[in-house]
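One structure is given below, encoded as structure tokens.
Just so you know, ligand 1 is whichever comes first in the structure, and atom 1 is the first atom listed for that ligand. All residue numbers refer to positions in the sequence shown, counting from 1. Just so it is clear, the values below take in all heavy atoms, side chains as well, and ignore hydrogens, waters and symmetry mates.
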Amino acid sequence: MKNKYTLGMIGLGTMGRNLLLNMADNGFQVTGYDKDARMLKKLEEDGKAHNLKGFESLEDFIQSLELPRRIMLLVPAGKIVDSVIQELVPLLDKGDMIIDSGNSHFTDTSRRAIELSDQGIHFFGMGISGGEEGARFGPSMMPGGDKAAYNAVKPILEAVSAKVNGDPCVAYIGPGASGHFVKMVHNGIEYSMMQILAETYDLLKNVLGYNNEQIYNTFEKWNNGRLKSFLLEVTRDIFKVKDKKTGGYLIDVIKDQAKSKGTGKWTSQVSMDLQLPIPTINESVSARDLSKFKELRVALSQALPHQQIKVEDAAAFEVQLEQALYFAMITSYAQGLHLLEQASAEFKYELNLKEISQIWRGGCIIRAVLLEDIYQAYKKQPELPHLYSDESIQNQLKEIIPGTRNVVITALKNGIAIPCFASALTYYDSLRTDKSPLNLTQAQRDFFGAHTFERIDEEGIFHADWNENN
Ligand code: 6PG
């Protein structure tokens, strides 16, 4: 049993177990550890074909691993990661490697990497995306940390990852906590895409009056085109699921209050710290939080009703809605990638946006055919200042913006909340405005606080006596 296994997994819940099964399918000698005997039993049952076995004793588990040890953690993010590390470290040797594959906050990963490197242990933060299915049959993975140590797990990760045109959906992301940072931003984009799909549902239902079957058919039609994506497929399929209890559609009996585990909020928080705006992602985080005020929403919907306005041409509106959804999708990726670029400079992550868009094309929750265009854009121009700067994206924008404007206007006239659609359009307009009105902001700041301003016709810092002529 001693030094027999290539990799050991700590945490044999659904994700950990499925990833181990995936590794075993790919011919790797792997094992697991979990305090919960039921999890060990489940691993043995599911992994019968590969004779997969786990350990109940941490010491025996550690002794069973090849040197230098490769240990992967798939335990809930937060304090549990620290306590597992604390238990582990006295049993490890210098050169061993711990890979935290949960959704840890990147600042925790930075701290842990520094603490562990002092003890000669390589610590990796690796984002995994794709849910249970992905872990079992091919996720997208975002590992960051010491590059030499990464090479020790590279063959395993490449083998188990999803593949697009034969390319593995895993790549070394960069040093430090870059892996977890990129996964966090992935989730920010995920929140935004989920919200634009929710807004689309609202408009199909409440502007066009579509029933669930018509909504299913519309999403099915769109998913055969440029909108094709995992999240649209999932969303489409929701509209055909019936509720066992009532016999009606399940979607209609689900409370309209969304929860979250925090990765979207973290993305927004970092964007504020880095002063790199991602308003559409922010709106998606706020939309979930606003949904919680159900009682207030019900009371205000009665106190402040709004009259619906009929859409003249329903077929045309449906076409425009597809365009608006595509536009908001482009914008969600654009904001996330822009944030990654800024973070890379700030935190010295050395991020390669071409590779990141490449590994997001398969396996992960935000996979979409659009990512192929994005990948091509960064391949053509690795220093692309913004996704909107790419010529082929610009050509698409020119086509879809007029329809998007009409969707936003129609929703606003109908009093339907479309925080992400509206913010995406305003973001777009802000970025394509050569003369913004923010000269006024500078004048105001100088007027009441002597904060100074710069002039368009002369270098230097100026202050005016604003009351002179009053
Ligand atoms: C993934 C998902 C995964 C999970 C999110 C959900 O990439 O596989 O992002 O990590 O579904 O954590 O996040 P919320 O619970 O915050 O919606």
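Using a 4.0 Å cut-off between a side-chain N of Lys or Arg and a carboxylate O of Asp or Glu, Lys265 and Asp289 do not qualify as a salt bridge. Between Asp167 and Lys163 there is no salt bridge, since none of the side-chain N atoms of the basic residue sits less than 4.0 Å from a carboxylate O of the acidic one.
Annotation: salt bridge (Lys or Arg N to Asp or Glu O under 4.0 Å) contacts involving residues 198-221, sequence neighbours excluded, comprise Glu220-Arg236, Lys221-Glu318.
Heavy atoms from other residues, nucleotides or ligands lying under 6.0 Å from CD of Glu45 number more than 12.
Judged as a ring pair (Phe, Tyr, Trp, His ring centres under 6.0 Å), and not counting sequence neighbours, Phe123 has no contacts. Under the rule for a ring pair (Phe, Tyr, Trp, His ring centres under 6.0 Å), the partners of Phe106 that lie at least two apart in sequence or sit in another chain are Phe181, Phe347.
Near ligand 1, residues Asn103, Ser129, Gly130, Gly131, Lys183, His186, Asn187, Glu190, Tyr191, Ser260, Lys261, Gly262, Arg288, Ile365 each place a heavy atom inside the 4.0 Å sphere around the ligand atoms.
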